[in-house]
Novice: 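Dumping the structure here so I can ask a few things about it.
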Amino acid sequence: MEFKNLKLTEKDDILYVTISRPEAMNALNTRFFQEMDEVVANLATKENLKVMVITGEGKAFVAGADIAEMVDMNSEEGTKFSILGQNTFRSLEKLEIPVIAAINGYALGGGLELAMACDFRFASTKARFGQPEVNLGLIPGYAGTQRLSRLVGLADALYILLTSDMISADDALRIGLVQKVVEPDELMDEVTKVAKIIASKGPNAIKKVKAVVRKGIETDFITGSKLESEQFGSLFGNEGEEGMRAFLEKRKPNW
Ligand code: DAK
């Protein structure tokens, strides 16, 4: 597939995906979802890749779903568009390798929903966050109502969803929506630094941490703990053995 909305680069086992439709603030259209599906299904699954990073080109990370594409949709088409996006974000969330959002500017509506489907978020001081759907007489359509309250708690989520207030990077940090805020020209370096740290760890352990935490939060404590024991056990005799032997032999593990 020829990409029109995404630019891809690969370096040091990290896949960088840049959303690139700056003239429309990187608004998410049907084509974006098709391209992201292709990345998640076929490109980010390459054996050598350890981490994926998503960022935006220009002033925005993503300023929302494409209002120009949505405006003429009827109810049935709206539901279809919502399901398309929900499925894409769900598969991103379920990707085996961690996904980091590098939020360079506006992360609004569907853009914040995309960022929330990533595993964690670093932001530039220029980033702004909001769910302004009610300004348009809409509600979030890509599971933003569900992810936001799980990430920041009920009251902050409802404040953001009910007021359409655009919050700063520092406020996003304060409520736990992002994990770090840095100067704009440091954003990609900081994200790369943390991506490389993750890429240096036991690759299967990294995938299992993500899977167990993500599955665990959708189930009850006992079921989640059982899953943890199974996955913990599965690392013995292979990657875990190498990591533990390397520690005892005072050398770097050979994953
Ligand atoms: N969609 C389409 N075009 C957009 C856009 C968007 N979300 N955001 C910006 N643009 C376009 C603008 O129309 C403008 O195009 P031209 O006029 O140059 O052709 C260009 O990008 C530059 O934008 P501005 O001139 O407005 O730039 P400013 O710097 O003045 O302002 C802004 C930047 C990000 C503050 C402003 O553009 C803005 O407020 N944008 C809209 C933000 C917004 O409301 N986002 C939420 C979108 S709604 C569902 C599925 C999904 C969703 C809901 C339901 N179902 C199917 C049920 C999700 C909904 C959303 O995400």
Side-chain angles (χ1 to χ4, degrees), residues 3-7 17-37 40 54-93 99 101-118 121 123-152 156-172 175 177-178 181 184 187:
F3 290 132
K4 294 188 175 144
N5 293 258
L6 304 179
K7 288 182 184 162
V17 178
T18 304
I19 304 163
S20 179
R21 205 159 69 99
E23 68 285 359
M25 297 275 160
N26 302 328
L28 307 179
N29 55 15
T30 303
R31 178 80 193 184
F32 161 85
F33 289 112
Q34 290 163 346
E35 293 178 15
M36 190 56 101
D37 282 346
V40 171
I54 302 180
T55 193
E57 186 175 328
K59 264 168 70 173
F61 174 71
V62 168
D66 191 333
I67 300 169
E69 186 177 341
M70 290 193 297
V71 65
D72 290 322
M73 287 180 185
N74 60 30
S75 176
E76 203 181 311
E77 290 163 335
T79 303
K80 242 172 106 181
F81 192 55
S82 166
I83 292 170
L84 176 74
Q86 284 187 2
N87 287 344
T88 303
F89 290 180
R90 182 74 176 152
S91 54
L92 188 64
E93 201 169 57
V99 182
I103 304 171
N104 50 300
Y106 295 111
L108 303 175
L112 181 50
E113 293 176 289
L114 168 63
M116 291 192 292
C118 297
R121 288 148 288 282
S124 125
T125 50
K126 283 194 178 157
R128 294 289 176 275
F129 303 81
Q131 294 287 166
E133 285 86 352
V134 294
N135 283 339
L136 306 169
L138 296 172
I139 66 168
Y142 305 136
T145 55
Q146 304 308 300
R147 290 200 179 93
L148 189 57
S149 52
R150 283 167 171 78
L151 280 175
V152 305
D156 282 322
L158 282 170
Y159 172 79
I160 289 169
L161 289 159
L162 295 172
T163 63
S164 294
D165 192 12
M166 232 192 263
I167 68 167
S168 66
D170 281 341
D171 279 342
I175 63 175
L177 186 53
V178 301
V181 177
L187 180 63

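Both counts, for ligands and for their atoms, begin at 1 and track the order of listing. Basis for what follows: all heavy atoms, side chains included, without hydrogens, waters or symmetry-related copies. Small disclaimer: the values here were computed from a predicted structure and weren't measured.
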Novice: Among all the protein's heavy atoms, is there at least one whose distance to atom 17 (O) of ligand 1 comes out below 4.0 Å?
Specialist: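 Protein heavy atom within 4.0 Å of atom 17 (O) of ligand 1: absent.
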
Novice: Pull out every atom of ligand 1 sitting under 4.0 Å from any heavy atom of E133, numbered as shown with elements.
Specialist: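 Checking each atom against E133, I get 58 (C), 59 (C), 60 (C), 61 (O).
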
Novice: Should M70 be counted as touching ligand 1, given the test is an N or O pair under 3.5 Å?
Specialist: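 Among all N and O atoms of M70, none is under 3.5 Å from an N or O of ligand 1.
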
Novice: Looking only at heavy atoms of K59, does any of them come nearer than 4.0 Å to an atom of ligand 1?
Specialist: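 The answer is yes: ligand 1 sits under 4.0 Å from a heavy atom of K59.
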
Novice: Is the shortest N/O to N/O distance between A65 and ligand 1 below 3.5 Å?
Specialist: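 Such a contact does occur with ligand 1.
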
Novice: Taking only non-hydrogen atoms of E23, do any sit less than 4.0 angstrom from ligand 1?
Specialist: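 The answer is yes, since E23 has a heavy atom less than 4.0 Å from ligand 1.
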
Novice: Under 3.5 Å, side chain of S82 to main-chain N/O of G78, donor-acceptor pair present?
Specialist: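 Answer holds: no.
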
Novice: Please determine whether any non-hydrogen atom of N135 lies less than 4.0 Å from an atom of ligand 1.
Specialist: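 Outside the 4.0 Å threshold, so no.
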
Novice: From the options A68, P132, P140, select the one whose nearest heavy atom is closest to atom 46 (C) of ligand 1.
Specialist: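 Closest candidate by heavy-atom distance is P132.
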
Novice: Can you check atom 8 (N) of ligand 1: any protein non-hydrogen atom closer than 4.0 Å?
Specialist: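 Yes, because at least one protein heavy atom sits under 4.0 Å from atom 8 (N) of ligand 1.
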
Novice: Using only atom types and a distance under 3.5 Å, with no angle test, would you say the side chain of S149 pairs donor to acceptor with the backbone of A157?
Specialist: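 Not at all, since once roles are kept as given, no pair shorter than 3.5 Å links the two residues.
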
Novice: On the 0 to 90° scale, with breaks at 30° and 60°, tag the Y142-F89 ring pair as parallel, tilted or perpendicular.
Specialist: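 Rings of Y142 and F89: perpendicular, as their planes differ by over 60°.
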
Novice: Under 4.0 Å from a heavy atom of L108: which atoms of ligand 1 are those, numbered in the order shown and with their elements?
Specialist: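 Those of ligand 1 that fall under 4.0 Å from L108 are 34 (C), 42 (C).
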
Novice: Can you find a non-hydrogen atom of A60 under 4.0 Å from ligand 1?
Specialist: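 Outside the 4.0 Å threshold, so no.
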
Novice: Which heavy atom of I103 sits nearest to which heavy atom of V178, and what is that distance?
Specialist: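 Closest approach of I103 to V178: CD1-CG1, 4.4 Å.
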
Novice: Tell me whether E76 at atom CD has more than 12 heavy atoms from other residues, nucleotides or ligands lying less than 6.0 Å away.
Specialist: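 Incorrect, the count does not exceed 12.
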
Novice: Does the protein come close to atom 38 (C) of ligand 1 - that is, does one of its heavy atoms sit below 4.0 Å from that atom?
Specialist: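 Within 4.0 Å: no protein heavy atom nearby.
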
Novice: Ignoring angles and geometry beyond distance, decide whether S82 reaches within less than 3.5 Å of ligand 1 through its nitrogen or oxygen atoms.
Specialist: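 Not met; the criterion fails.
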
Novice: Heavy-atom distance from atom 30 (O) of ligand 1 to the protein below 4.0 Å?
Specialist: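 When distances to the protein are checked, atom 30 (O) of ligand 1 has no heavy atom within 4.0 Å.
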
Novice: If you look at every heavy atom in S168 and F129, which pair is closest and at what distance?
Specialist: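 That closest heavy-atom pairing would be O-CD1, 4.0 Å.
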
Novice: Identify, by atom number and element, the atoms of ligand 1 in contact range of G78, meaning under 4.0 Å from any of its heavy atoms.
Specialist: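 So the atoms of ligand 1 that pass are 55 (N), 56 (C), 57 (C).
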
Novice: Is there a donor-acceptor pair closer than 3.5 Å between any side-chain N or O of N104 and the backbone N or O of K59?
Specialist: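 Between the backbone of K59 and the side chain of N104 there is no qualifying donor-acceptor contact (under 3.5 Å).
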
Novice: Counting only N and O atoms by type, is there a donor-acceptor contact under 3.5 Å from the side chain of E69 to the main-chain atoms of T30?
Specialist: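 Yes, the answer is positive, given that a donor and an acceptor are paired below the 3.5 Å cut-off.
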
Novice: What residue and heavy atom of the protein are closest to atom 24 (P) of ligand 1, and at what distance?
Specialist: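 Heavy-atom neighbour on the protein nearest atom 24 (P) of ligand 1: M25 CE, 4.5 Å.
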
Novice: Answer yes or no for atom 48 (S) of ligand 1: protein heavy atom present at a distance under 4.0 Å?
Specialist: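 It does; a protein heavy atom is within 4.0 Å.
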
Novice: Using side chain to side chain donor-acceptor pair (under 3.5 Å) as the criterion, list what pairs up with Q34, not counting sequence neighbours.
Specialist: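 If we apply the side chain to side chain donor-acceptor pair (under 3.5 Å) test to Q34, skipping adjacent residues, there are no hits.
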
Novice: Please report which non-hydrogen protein atom sits nearest to atom 1 (N) of ligand 1, along with the residue it belongs to and the distance in Å to one decimal place.
Specialist: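 I find the closest protein heavy atom is I67 N, 2.9 Å.
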
Novice: Is atom 26 (O) of ligand 1 close to the protein, meaning a heavy atom under 4.0 Å from it?
Specialist: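 No; the ligand atom in question lacks any protein heavy-atom contact below 4.0 Å.
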
Novice: Among all protein heavy atoms, pick out the one at the shortest distance from atom 52 (C) of ligand 1; state its residue, atom name and that distance to 0.1 Å.
Specialist: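 Of every protein heavy atom, G141 N, 3.5 Å lies nearest to atom 52 (C) of ligand 1.
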
Novice: Which protein non-hydrogen atom lies closest to atom 51 (C) of ligand 1, naming both residue and atom, and how far is it?
Specialist: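 The closest one turns out to be Y142 CZ, 3.4 Å.
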
Novice: Are there more than 12 heavy atoms of other residues, nucleotides or ligands under 6.0 Å from atom CG of L158?
Specialist: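 Count over threshold, so yes.
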
Novice: Is there a nitrogen or oxygen of A63 sitting under 3.5 Å from a nitrogen or oxygen of ligand 1?
Specialist: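 N/O-N/O distance under 3.5 Å: yes.
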
Novice: Is a side-chain donor or acceptor of R90 paired with a backbone partner of Q86 at a separation under 3.5 angstrom?
Specialist: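 It does not hold such a pair.
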
Novice: Does I139 reach ligand 1, in the sense of a heavy atom lying below 4.0 Å from it?
Specialist: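 Heavy atoms of I139 do come under 4.0 Å of ligand 1.
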
Novice: Between E133 and E113, is any pair of side-chain heavy atoms under 4.5 Å apart?
Specialist: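 A side-chain contact under 4.5 Å exists here.
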
Novice: When only distance counts, is G109 in polar contact with ligand 1, meaning an N/O pair under 3.5 Å?
Specialist: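 No.
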
Novice: Among L108, N26, L114, exactly one meets side-chain contact (heavy atoms from CB on, under 4.5 Å) together with F61. Which residue is that?
Specialist: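 Exactly one candidate clears the test, L114.
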
Novice: Among all protein heavy atoms, pick the one closest to atom 11 (C) of ligand 1 and tell me residue, atom and distance.
Specialist: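 The protein heavy atom lying closest is A24 CA, 4.0 Å.
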
Novice: Specify whether the nearest protein heavy atom to atom 33 (C) of ligand 1 is under 4.0 angstrom away.
Specialist: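 Yes; the ligand atom in question has protein heavy-atom contact below 4.0 Å.
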
Novice: For G110, counting its heavy atoms only, list the atoms of ligand 1 lying under 4.0 Å from any of them.
Specialist: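 Those of ligand 1 that fall under 4.0 Å from G110 are 60 (C), 61 (O).
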
Novice: Any side-chain heavy-atom pair from I175 and I167 closer than 4.5 angstrom?
Specialist: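 Yes, close enough: below the 4.5 Å cut-off.
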
Novice: Quick one: does E35's side chain have a donor or acceptor within less than 3.5 Å of a partner on F32's backbone?
Specialist: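 Here the side-chain-to-backbone pair does not exist.
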
Novice: Would you say S124's side chain and K126's backbone share a donor-acceptor pair under 3.5 angstrom?
Specialist: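 Checked: pair present.
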
